[in-house]
**Q** 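This is the structure, below, for whatever I ask next.
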2 protein chains.
Amino acid sequence: MGERGNCETLVHGAGGILGQASQARADAVVVDHGQVVALGVADELRREWRPREEIDAAGLLLLPGLIDAHTHPVFARGRAEEFDWRGQGMDYLEIAARGGGIHASVAALRACDEAELVDKVAAHFRRMLAHGTTTCEAKSGYGLSLEDELKSLRAIRAAAERTGMQAHATCLAGHMIPLEHQERPEHYLDMVCEELLPEVRRQDLARAVDVFIEAGALDLAQARRYLERGRELGFALRVHADQFHDLGGTELAVQLGAESVDHLEVLSDAGLEALALGGRTYAGLLPAVPHFLRQKTDAPARRLLQAGVPYFIATDFNPGSCYTPSLFEAAHFARVRLCLSAAEALHGVTAGAAGSLGLGAHKGRLEPGYDADFLLCDLADVHHFGYGFGDNPVRQVFVGGQRIR
Amino acid sequence: MGERGNCETLVHGAGGILGQASQARADAVVVDHGQVVALGVADELRREWRPREEIDAAGLLLLPGLIDAHTHPVFARGRAEEFDWRGQGMDYLEIAARGGGIHASVAALRACDEAELVDKVAAHFRRMLAHGTTTCEAKSGYGLSLEDELKSLRAIRAAAERTGMQAHATCLAGHMIPLEHQERPEHYLDMVCEELLPEVRRQDLARAVDVFIEAGALDLAQARRYLERGRELGFALRVHADQFHDLGGTELAVQLGAESVDHLEVLSDAGLEALALGGRTYAGLLPAVPHFLRQKTDAPARRLLQAGVPYFIATDFNPGSCYTPSLFEAAHFARVRLCLSAAEALHGVTAGAAGSLGLGAHKGRLEPGYDADFLLCDLADVHHFGYGFGDNPVRQVFVGGQRIR
């Protein structure tokens, strides 16, 4: 028997390990320098490794840290009062047209000073971490002015540093045309394309830009201008499209090489074909949103999967149309509303989400060479992933091998 | 100024107090001998009372302890594997006909020894307490034999003592005809009516009996025999009816003076009229169940409320058709699917639920004379009650004035 290698941590006693490619039986993980270096059966691993610390997973299930690839955590307050309005029959776009919806969030964010905003984003990140989300994409988009978008993106960075959330910022200046520019939307787009996006690039405050292509938000021509400018500046592109109206947003996203196009509740056959042929743009499934908005239509998830379109599942956590910080909850809705299996749902909130953010080589799996971001969860087996709802099965959270909760 | 009265506890600093009849502004509660003795503004209350202990609610919202008036917590394991079968198109009753569904839970419970079963029920109660449920109705119904029903009811009692859950047991021997009696259901009913129910009464193991009136479960004549025997023995009556098929169960429940009839997704006009005319039988709304089962139809909640029918909202927490321990989650589904307001949803999981269990004079409100069962919750205001989902806003739980979580 050769000499044992030193390592930082051996996690043993897990009831099972999800998120590994091999189906071999494993109940233990070896971590060193923040990465997974081996998986296997604890007794065998102990013959090869000399861990400085052992962690007893005590029959809990080991999962990769979850990755939420579509969130809007930079907001000043929830819009709970609109919920009863919708219960009385008003729809999402009618509420927006009354100055509610996104515009109400814009007003609240602009009135919130930066220090307070950082506190709020940090509180949201802590809640997401408590639910097992160790990496997220985080959008601005309630600022919609030069200063307020920059403030929002700085708040993401500061809150990430404070909480340990691995946040990847996206500039969503294309969320909506702000009220003060409704008469001359091109003035807003001029500012965004000529001042804001270059400044975001210069300060390296975001890795991607995003746009909401929808009636009442940006039309296809406006979105094209915005996305082309973003691409020119070297940003990755993400797109909200086909949520309520098919405006051709998915086809545009694929054409411009976007890394994701999200919502897709009213995706057309042409849009689906574009995604399948393109092959690189991820479908972002947000199945808790139609629930929250009482929308009858869901994204055609089974058809997308059958066509081989890469996909992820995300919360769309935001103040007005989906108030949940939990990817377990999003996975539950994927199982109920999209009829995905537990394994398909798990892929959507781990490896699929990582792939959509260009993190597929380091995040989203528990395999040697991957970052040691993992969760100990009170789940009986893989079938229970996304089965329970309204409950948080996460007991411990590790990022880079360090326990943070 | 007169002499101040001694009291046990003053809870102050609450961002608001929900569940009080008066709309007066109050941020503090005085507790003595396990009951609420006064509500008001902290500074004024301190002039009248000398508390032994003060608790700073620090901007949290104060709510009455929640009451879950329909739960099935006595089970040995979840039925998560059936979830994918349903995702592939099999319905609830087809799964039951294959020996899945309730029958699978019966087999698992019978194989589980009593000590292990108590551990499991206690784990469920702890999860419910963590989500703010301080009082619950808890049904047997996966035993379906003399010994296994008694074992189930004893497990409820033991788990309640161990955890502090205020559990009110219901004997649900009428959940289904067990497989071994399918050919001669009357043999099962003979045993239940002549042996089991009198023994439950003798040992005082339950306050109510319950029956599932449904295709594949008990028919109307069987249910009538069971309920009449229960009533004769002095049990309160609760009924599952009109979930998938209208068999006249609601009318029977009202006719026999049942305290509740639950589900009601396919309630007929005649059933609704019977409830409205009867005036005493509560409608038990279980809005997370149609979600979990992908049923398109919901109970006609608005019509029931408009007709003045008393109602509660419950989880129906159980291993196969609604795997959530959270009344916040049930309230969320009541808001989304039944279009109830936040205040209506809150009533459903507090005062309404208490009323259905005969506890309306002591539980379900924060008022002088009521039991000091209350929660400190991270909610901005009443509009946020049932707004967020997949998340647990409960920070502290008090039962009879004592902090238990």
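Bear in mind that the values here come from a model prediction, so they are computed numbers and not experimental data. Naming: A, B, ... by sequence-line order, numbering from 1 per chain.
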**Q** Using 30° and 60° as the class limits, which term best fits the ring planes of B/His70 and B/His263: parallel, tilted or perpendicular?
**A**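 Aromatic pair B/His70/B/His263 classed perpendicular.
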**Q** When heavy-atom pairs shorter than 4.5 Å are enumerated against chain B, which of A/Arg127, A/Arg335, A/Gln88, A/His383 gives the highest number?
**A**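 Answer, by heavy-atom pair count under 4.5 Å with chain B: A/Arg335.
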**Q** Would the distance check show the side chain of B/Thr71 and the main-chain N or O of B/Phe317 forming a donor-acceptor pair, the cut-off being under 3.5 Å?
**A**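 Side chain of B/Thr71 to backbone of B/Phe317: no pair is present.
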**Q** Just so I understand: if I count every heavy-atom pair under 4.5 Å between each of B/Phe328, B/Phe385, B/Phe333 and chain A, which residue has the most?
**A**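 Of the candidates given, the most pairs with chain A belong to B/Phe333.
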**Q** Measuring only between side-chain heavy atoms, which start at C-beta, is B/Pro325 closer than 4.5 Å to B/Thr133?
**A**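 Counting from C-beta outward, B/Pro325 and B/Thr133 never come under 4.5 Å.
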**Q** With a 4.5 angstrom heavy-atom cut-off, could you sort out which part of B/Ala288 is near chain A: side chain, backbone, both or neither?
**A**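 Contact with chain A: backbone and side chain both.
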**Q** At a heavy-atom distance under 4.5 Å, which candidate from B/His291, B/His384, B/Arg86 has the highest pair count against chain A?
**A**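 Sorted descending by pairs with chain A, the first entry is B/His291.
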**Q** What option among B/Glu81, B/His332, B/Arg302 has the most heavy-atom pairs under 4.5 Å with chain A?
**A**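 Ranked by heavy-atom pairs under 4.5 Å with chain A, first place is B/His332.
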**Q** So which part of A/Arg79 gets closer than 4.5 Å to some heavy atom of chain B, the side chain, the backbone, both or neither?
**A**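 Contact with chain B involves both backbone and side-chain atoms of A/Arg79.
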**Q** Please identify, among A/Phe83, A/Tyr387, A/Phe292, A/Tyr323, the residue contributing the most non-hydrogen atom pairs under 4.5 Å to chain B.
**A**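 That would be A/Tyr387.
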**Q** Hey, are B/Asp68 and B/Thr315 close enough side-chain-wise for a donor-acceptor pair under 3.5 Å?
**A**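 Yes.
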**Q** How are the rings of A/Tyr142 and A/His72 set to each other: parallel, tilted or perpendicular (split at 30° and 60°)?
**A**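 It falls in the tilted class, 30° to 60°.
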**Q** So which part of A/Leu338 gets closer than 4.5 Å to some heavy atom of chain B, the side chain, the backbone, both or neither?
**A**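 No part of it gets close to chain B.
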**Q** Is it true that the NZ or CZ of B/Arg303 lies under 6.0 Å from the centre of B/Tyr311's six-membered ring and within 45 degrees of the ring axis?
**A**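 No, B/Arg303 does not sit over the ring of B/Tyr311.
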